[in-house]
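Report on one structure; see the data block that follows.
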Amino acid sequence: FLRDTDDRPTLRDCMREQADDIARRLTRRRLAAHTVQVKVRYGDFTTLTRQITCEEPLADAKEIYRLGCHLLARDRLVTRPLRLLGLGVTNLVETAARQLRLAIEA
């Protein structure tokens with residue numbers, strides 16, 4: 001951020017944009033992620049990273065965003081203004097092509 005911030009709407013917008021970008025890139029590469037991580041950096045350059053791993057892989061922006069917000073809230077990471085807020089995914093897997101079922105009427 002240009003200035004350290006703890007403004008919730010600004011932080012939510014930032015996370016939402018990052019989640020949308022991540023989901024777009026995952027879809028384009030036909031990948032999904034098992035792990036979502038957030039990174040925060042405070043004004044004194046202290047940096048913390050937290051992650052959560054899911055059993056089922058995900059590539060949906062809403063789910064990535066939701067888990068990122070969950071990590072921020074669970075570990076109370078926004079107790080003071082942030083200099084940086086990052087969202088990422090790891091533990092990637094290829095998504096299987098889904099075969100559509102053909103219904104034949106007799």
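Source: prediction; values computed, not measured. Both backbone and side-chain heavy atoms feed into the values below; hydrogens, waters and symmetry mates do not.
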Exercise. For Asp75, which residues count as a salt bridge (charged side-chain N to carboxylate O under 4.0 Å, His left out) partner, sequence neighbours excluded?
Worked result: Arg50

For this session: Go through the structure and list residues passing salt bridge (charged side-chain N to carboxylate O under 4.0 Å, His left out) with Arg16, not counting sequence neighbours.
Result: Asp13

For this session: For side chain to side chain contact (heavy atoms under 4.5 Å, CB included), just list the numbers for Thr47 and Lys39, CA-CA rounded to whole Å, side-chain angles, deciding distance to a tenth of an Å, and then say yes or no.
Result: CA-CA 7 Å; Thr47 303; Lys39 178 186 280 190; 3.7 Å; yes

For this session: Assess whether side chain to side chain contact (heavy atoms under 4.5 Å, CB included) is satisfied between Ile64 and Leu26, documenting all intermediate values.
Result: CA-CA 11 Å; Ile64 295 168; Leu26 287 171; 4.1 Å; yes

Non-neighbouring partners of [X] that pass side chain to side chain donor-acceptor pair (under 3.5 Å), sequence neighbours left out:
X     : answer
Glu63 : Arg66
Asp7  : Thr10
Thr35 : Thr53

For this session: Under the side chain to side chain contact (heavy atoms under 4.5 Å, CB included) rule, what do Leu77 and Leu71 come out as? Steps first, then yes or no, please.
Result: CA-CA 8 Å; Leu77 297 178; Leu71 289 168; 5.5 Å; no

Exercise. Taking only residues at least two apart or on different chains, which pairs with a member in residues 23-34 satisfy side chain to side chain donor-acceptor pair (under 3.5 Å)?
Worked result: Asp21-Arg25

Problem set entry | Arg74 atom CZ: more than 12 heavy-atom contacts under 6.0 Å | yes

Problem set entry | Those residues that, when tested against Ala32, pass side chain to side chain contact (heavy atoms under 4.5 Å, CB included) (two or more places apart) | Pro57, Ala59, Val93, Thr95

For this session: Could you list the residues that satisfy side chain to side chain contact (heavy atoms under 4.5 Å, CB included) with Arg8, not counting sequence neighbours?
Result: Arg12, Val78

For this session: Please tell me if the side chains of Ile22 and Tyr65 come closer than 4.5 Å, counting only heavy atoms from C-beta onward.
Result: no

For this session: State, with a plain yes or no, whether a side-chain heavy atom of Val40 is found less than 4.5 Å away from one of Leu72.
Result: yes

For this session: Please report the shortest heavy-atom distance between Ala19 and Ala61, naming the atom on each side.
Result: CB-O, 3.5 Å

With a cut-off of 3.5 Å and sequence neighbours excluded, list every side-chain donor-acceptor pair involving residues 79-92.
unit_1, atom_1, unit_2, atom_2, d
Arg80, NH1, Asp44, OD2, 3.4
Arg83, NE, Asp4, OD1, 3.2

Exercise. Should Cys54 and Val36 be marked as a side chain to side chain contact (heavy atoms under 4.5 Å, CB included) after you check the CA-CA gap, both sets of side-chain angles, and the distance that decides it?
Worked result: CA-CA 8 Å; Cys54 305; Val36 174; 5.6 Å; no

